[in-house]
Amino acid sequence: MNHERDERWAYVALAALVVAYIVYRITVGSDFTGLSIRGLSIHLPEVNLGRFGKGLPYLFAPLFAVVSELIRRKKARTIREEWERRARTEGVLRKEENLKVKLTDGARGSVQADVRLTRAALYVIDRGGRRDPMRFVFLRSADSDVAVLDVSLLGGSTPALRRVRVRMGGAARFVLEFESREGEAWWSSLRHALGKSTDRESSPEPPREPERA
């Protein structure tokens with residue numbers, strides 16, 4: 001629903017932009033003639049088509065930008081729906097919306113994403129659609145797969161948050177991190193999916209790492 005509302009507003013903005021620009025190009029610099037009807041004076045603009053034609057190149061740029069954004073959003077929404085269906089098919093065990101996910105130690109970047117844990121993989125789906133969805137399997141079946149190797153739980157930026165640190169390996173090696181109020185549950189669910197112990201005493205929490213600049 002949010003995507004649909006955003007797209008409707010984009011169309012409204014596009015229409016308003018076109019109308020405002022056409023009116024501006026027609027009226028600015030145009031000659032006006034007067035018309036009198038029973039004492040009522042009406043001024044009509046004399047359209048200067050030459051000036052309007054010269055202004056068309058300036059109209060194409062904002063139109064192209066708006067149309068390109070609409071196409072990008074539609075494509076991103078289609079891709080997201082496909083990956084969401086795939087996750088549901090695998091059986092969603094845990095999910096959380098709008099988490100800031102960071103890639104470190106072999107990869108760089110961050111994304112505001114929805115995280116899905118299924119029986120087969122961990123999904124990270126960019127809410128803005130600017131980055132392709134990521135899927136990290138628990139059991140590699142192809143050389144191109146990136147698998148979840150291990151998970152640890154660290155202190156978060158506030159007492160209410162815990163930082164989940166997931167180590168990835170396979171076609172690439174890096175670390176994925178996100179903070180959540182449900183960090184303990186994420187840690188337990190990921191450990192269980194990996195077939196590892198969820199006993200906190202046998203898996204002590206690593207010391208908190210210093211913040212990176």
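Quantities reported herein were computed from a predicted structural model and do not represent experimental measurements.
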Task: Set of side-chain hydrogen bond (donor to acceptor under 3.5 Å, both in side chains) partners for Arg167, sequence neighbours left out - done: none
TODO: Report the distance from atom CD1 of Ile79 to atom CG of Asp126, rounding to the nearest 0.5 Å.
DONE: 10.5 Å
Open item on the list: Does the structure place the NZ or CZ of Arg80 under 6.0 Å from the centre of the six-membered ring of Trp83, at an angle of no more than 45° from the ring's axis?
Closed with: no
Task: Side-chain H-bond candidate by donor/acceptor type, Tyr123 with Glu90, under 3.5 Å - done: yes
Task: Closest non-hydrogen atom pair, Ser110 against Lys102 - done: CB-CG, 4.1 Å
Task: Short N-O contact, Glu177 and Arg163, less than 4.0 angstrom - done: yes
Show every donor-acceptor pair shorter than 3.5 Å between a side-chain atom in residues 136-149 and any protein atom, with sequence neighbours excluded, or say none if there are none.
residue: Arg140; atom: NE; partner: Asp145; partner atom: O; Å: 3.1
residue: Arg140; atom: NH2; partner: Ala142; partner atom: O; Å: 3.4
residue: Arg140; atom: NH2; partner: Asp143; partner atom: O; Å: 2.6
residue: Arg140; atom: NH2; partner: Asp145; partner atom: O; Å: 3.4
residue: Ser141; atom: OG; partner: Asp145; partner atom: OD2; Å: 3.2
residue: Asp145; atom: OD2; partner: Ser141; partner atom: N; Å: 3.0
residue: Asp145; atom: OD2; partner: Ala142; partner atom: N; Å: 3.0

Open item on the list: Which residues pass the salt bridge (Lys or Arg N to Asp or Glu O under 4.0 Å) test with Glu97, not counting sequence neighbours?
Closed with: Arg116, Arg127
Open item on the list: Would you say Leu194 ends up clustered with Leu117 if hydrophobic residues are merged whenever their side chains have heavy atoms under 4.5 Å apart, either directly or through other cluster members?
Closed with: yes
TODO: Using only heavy-atom distances, determine whether the side chains of Ser189 and Arg94 contain a donor-acceptor pair under 3.5 Å.
DONE: yes
Task: Asn98 versus Gln112, side-chain donor and acceptor atoms under 3.5 Å - done: yes
Task: Joint hydrophobic cluster, Val101 plus Phe174, side-chain heavy atoms closer than 4.5 Å - done: yes
Open item on the list: Let me confirm one number: the CZ-CG distance from Arg165 to Leu190, rounded to the nearest 0.5 Å.
Closed with: 14.0 Å
- [ ] For the residue pair Val151 and Val164, establish whether any side-chain heavy-atom pair is separated by less than 4.5 Å.
- [x] yes
Open item on the list: Please report the interatomic distance CG(Leu176) to CG(Leu103), rounded to the nearest 0.5 Å.
Closed with: 5.5 Å
TODO: Flag the pair Asp105 and Arg173 as a salt bridge only when some basic side-chain nitrogen lies within less than 4.0 angstrom of an acidic carboxylate oxygen.
DONE: no
Task: Heavy-atom closest pair, residues Gly183 and Leu153 - done: O-CD1, 3.5 Å
Task: Met168 side chain near Leu122 side chain, heavy-atom distance below 4.5 Å - done: yes
TODO: Using the test side-chain hydrogen bond (donor to acceptor under 3.5 Å, both in side chains), find all partners of Trp186 that sit at least two apart in sequence or belong to another chain.
DONE: Glu96
TODO: Output yes when a side-chain donor or acceptor of Thr89 lies under 3.5 Å from a complementary backbone atom of Arg85, and no otherwise.
DONE: yes
Task: OG on Ser152 to CZ on Arg162, rounded to 0.5 Å - done: 11.0 Å
Task: Joint hydrophobic cluster, Leu154 plus Val175, side-chain heavy atoms closer than 4.5 Å - done: no
- [ ] Only counting residues at least two apart or in another chain, list the ones meeting salt bridge (Lys or Arg N to Asp or Glu O under 4.0 Å) with Arg131.
- [x] none
TODO: Report the residues that fulfil side-chain hydrogen bond (donor to acceptor under 3.5 Å, both in side chains) with Glu82, sequence neighbours left out, ordered by chain and then residue number.
DONE: none
Open item on the list: Do Leu161 and Val124 land in one hydrophobic cluster if side-chain heavy atoms of ILVMFWY residues count as linked below 4.5 Å?
Closed with: no
Open item on the list: I'd like to know whether NZ of Lys196 has more than 12 heavy-atom contacts from other residues, nucleotides or ligands below 6.0 angstrom.
Closed with: yes
Task: Ser157 versus Glu179, side-chain donor and acceptor atoms under 3.5 Å - done: yes
